[in-house]
Amino acid sequence: MTTASTTARAKALTRYRLFWPAVVLAVLLLANLAFTSDFFAVHIKDGHLYGSTVDILHFGAPLILVSLGMTLVIATGGIDLSVGSTVAIAGALACLHISEAADPASPGTVFGAIGIALGTAVLLGVANGVLVARLGVQPIIATLILMVAGRGVAQLITDGQIITVTSEPYKLIGGGYWLAMPFAILLSGLVALLTALLTRSTALGLLLESVGGNPVASRLVGIRAMRLVGLVYVFSALCAAVAGLMVSSNVSAADGNNAGLWIELDAILAVVIGGTSLNGGRFSIGGTVLGALIIQTLSTTVYTIGIPPETTLVFKAFVVITVCLIQSPNFRAEVARRGAGRRSVDRPRPATTTNREVGA
Amino acid sequence: MPKRAAAALVAGAMVTVLTACGSGGGGGSADKGAGHKLVVGFSQVGAESGWRTANTKSVQESAKKAGIELKFSDAQQKQENQIKAIRSFIQQKVDVIAFSPVVESGWDTVLKEAKDARIPVILTDRAVDSKDDSLYVSFLGSDFVEEGKKAGDWLVKEYQGKSDEVNIVELQGTTGSAPANDRKAGFGDVIKAEAKFKVVASQTGDFTRAKGKEVMQAFLKAQPKIDVLYAHNDDMALGAIQAIEEAGKKPGSDIRIISVDGVKDAFTAMSQGKINVDVECNPLLGDQLMDLVKKVKAGEQVPKRIKTEEGVFTQDQAAAALPTRQY
């Protein structure tokens, strides 16, 4: 194998869309290894998997779900700020139903609770969808309404208290294990897989990108943009509701004040790190999953290497900026140019167009 | 994008203004005819937690018991509502004004108005940050540093006579909040006297169960040996207990747990042996407040700082107190 073909291959690899997010995730994980030598060790404890990497997937599961919904919303050029409130409302409704039921541990009660939570989520999603798609309200404003009011609704449901529930079947969703794996990981993985299949094996993904890229042109070629846009908000709310069930089930309690607080920002960050354009018209499900995992790994890293809480936010900001810079083709070209200049290989480079990744 | 952000800010501000409406002052006119019944105006922060709700109930019930007329106003977490409420108390010429300030600063003007109207002001639960401490007669509330010290004292006593190293992990409250800073400081002051106590990891759990669990799980993997967990509130301790159990360890014996607050759920966990000791942060200061009101009105000299009566609960005491715990 010649060096030329190796560099060509390396170049092709770096151009692959998920390359840089994957590199960042790997670096973060390896950084943990330096502080905790058995970071990657996974063993069986009490009949289920136990280890730091399992934790990252486990606690990252709700964020992955919320980010998946957010990805499709952003693909249409919108944004959904209300997901955090939906997380809180879903958890609050489910826990309230279970705590008031005669038999909290019966499967019927739990399915009832899940049904109530998901049903409400559909209503919330439809409300967002109607505001954005039919009434033409700016997505950031339309969903801001539910973001602010929804938190209050969750507090009303819980009466400002923390509702504690003891129900084994409910605990399975977020805190339980199935086939030795945390059930939450399997559930999130399944939803991610279905979303990827649904958007990439059918024309749905292309339609979404088309609507996000140019709504007018899409309408003119006969795409029912309104219905499509409305639908992604419902999907986003449903994902958030399942995440809400997970969060509340994991600690067996619903906390209207704090459940899902600021998760919308983490989700947007995960989507962006994953390479989805905030302008709409381009999205990556795999990138979003990687992005969500990067954010969760970052939190775990903070706890593992013992960064003081006062500097945590600065540390996180530093990592996020680095991630964004690494992903910017302009920045990489600049670094490469300077590096080459220092080695006195002074040849002029042609101006490169950076926007070569258009559509899917 | 900046346009969108600006629009978002405007909308946010509008929503805030809208929710701020609908909370007036105390309401009703002061009826001070028959028998010189004492009238107290009380402005509460809001109803953001179970702790706060218990606090409100305590004040209302104690007032009824003491035969004091209470004008209650809920500020819904907003300073301007509290200022409005205090002004309306002044207009109604109540005998004493009591309030839990939402924030620490910005009270000088309205407190000056109260002083000019010769109405004594008592602060409850939270302090104000003012250079002029003649603006209020007394501050009745918990001492968070003291709570941290009590937690530390228990630990020192528990490990008396043993020389082995004790590895402690700490779950802090919301970064920068007074209870988190003070509970950490008080605890640290006490344990630093003995070199065997070592805080091996300390992270914020934001006072929530979910974060408490998440951080504790990471601690359990990163730290080879943990003897003691010190949580700044019960919710984080309850979350951490789940993490400890999932790691196959026994909370309360494999890892001893010290917590602060004393809410009902924590007492339930204590009765199951999962928390070793709970330092009380008492919201039931109604009786103390009403005593104070009577003394102030009778012209007695009262101390500038009164600490609420707070205990330390062991497992047996918690089990005994559980059936009557109100919050």
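We name chains A, B, ... by the order of the sequence lines, and we start the count at 1 in each one.
Interface remark: Glu310(A) contributes backbone and side-chain atoms alike to the contact with chain B (heavy atom separation under 4.5 Å). Interface residue Gln242(B): only side-chain heavy atoms are found under 4.5 Å from chain A. For chain A, no part of Asp206(B) is nearby; none of its heavy atoms comes within less than 4.5 Å. In this structure, the portions of Glu246(B) lying under 4.5 Å from any heavy atom of chain A include both its backbone and its side chain. Of the atoms belonging to Asn250(A), heavy atoms from both backbone and side chain fall under 4.5 Å from chain B. Proximity to chain B is limited to the side chain of Ser299(A), based on heavy atoms less than 4.5 angstrom apart. The parts of Ala247(B) that come within reach of chain A are both its backbone and its side chain, each placing non-hydrogen atoms under 4.5 angstrom from that chain. There is no contact between Phe35(A) and chain B, counting heavy-atom distances below 4.5 Å.
Separating the CG atom in Asp254(B) from the CD1 atom in Ile244(B) is a distance of 9.0 Å, to the nearest 0.5 Å.
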Ser202(B)/Gln172(B) under side-chain hydrogen bond (donor to acceptor under 3.5 Å, both in side chains): CA gap, chis, key distance, verdict = CA-CA 7 Å; Ser202(B) 177; Gln172(B) 301 178 27; 2.6 Å; yes
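Note on ring orientation: taking the six-membered ring where Trp is involved, the planes of His58(A) and Tyr177(A) are perpendicular (angle over 60°, cut-offs 30° and 60°).
In this structure, Lys221(B) satisfies the cation-pi test against Tyr50(A), with its NZ or CZ atom closer than 6.0 Å to the six-membered ring centre and inside 45 degrees of the ring normal. Taking the ring axis of Phe207(B) as reference, the NZ or CZ atom of Arg183(B) does not stay both within 45° of it and closer than 6.0 Å to the ring centre.
No close placement of the Tyr303(A) and Phe219(B) rings is indicated, their centers lying 6.0 Å or farther apart.
Per-residue counts of heavy-atom pairs under 4.5 Å with chain B were compared for Asp38(A), Asp255(A), Ile56(A), Val302(A); the largest is that of Val302(A). If you tally non-hydrogen atom pairs under 4.5 Å between each of Asn258(A), Thr164(A), Thr300(A) and chain B, the highest count goes to Thr164(A). Taking Gly306(A), Ala259(A), Ser52(A), Ser37(A) one by one and counting their heavy-atom pairs under 4.5 Å with chain B, the maximum is reached by Ser52(A).
Salt bridge Arg52(B)/Asp125(B): present, at least one basic N to carboxylate O contact under 4.0 Å. Of the charged side-chain nitrogens involved, at least one lies within less than 4.0 Å of a carboxylate oxygen, so that Arg325(B) and Glu280(B) count as a salt-bridged pair.
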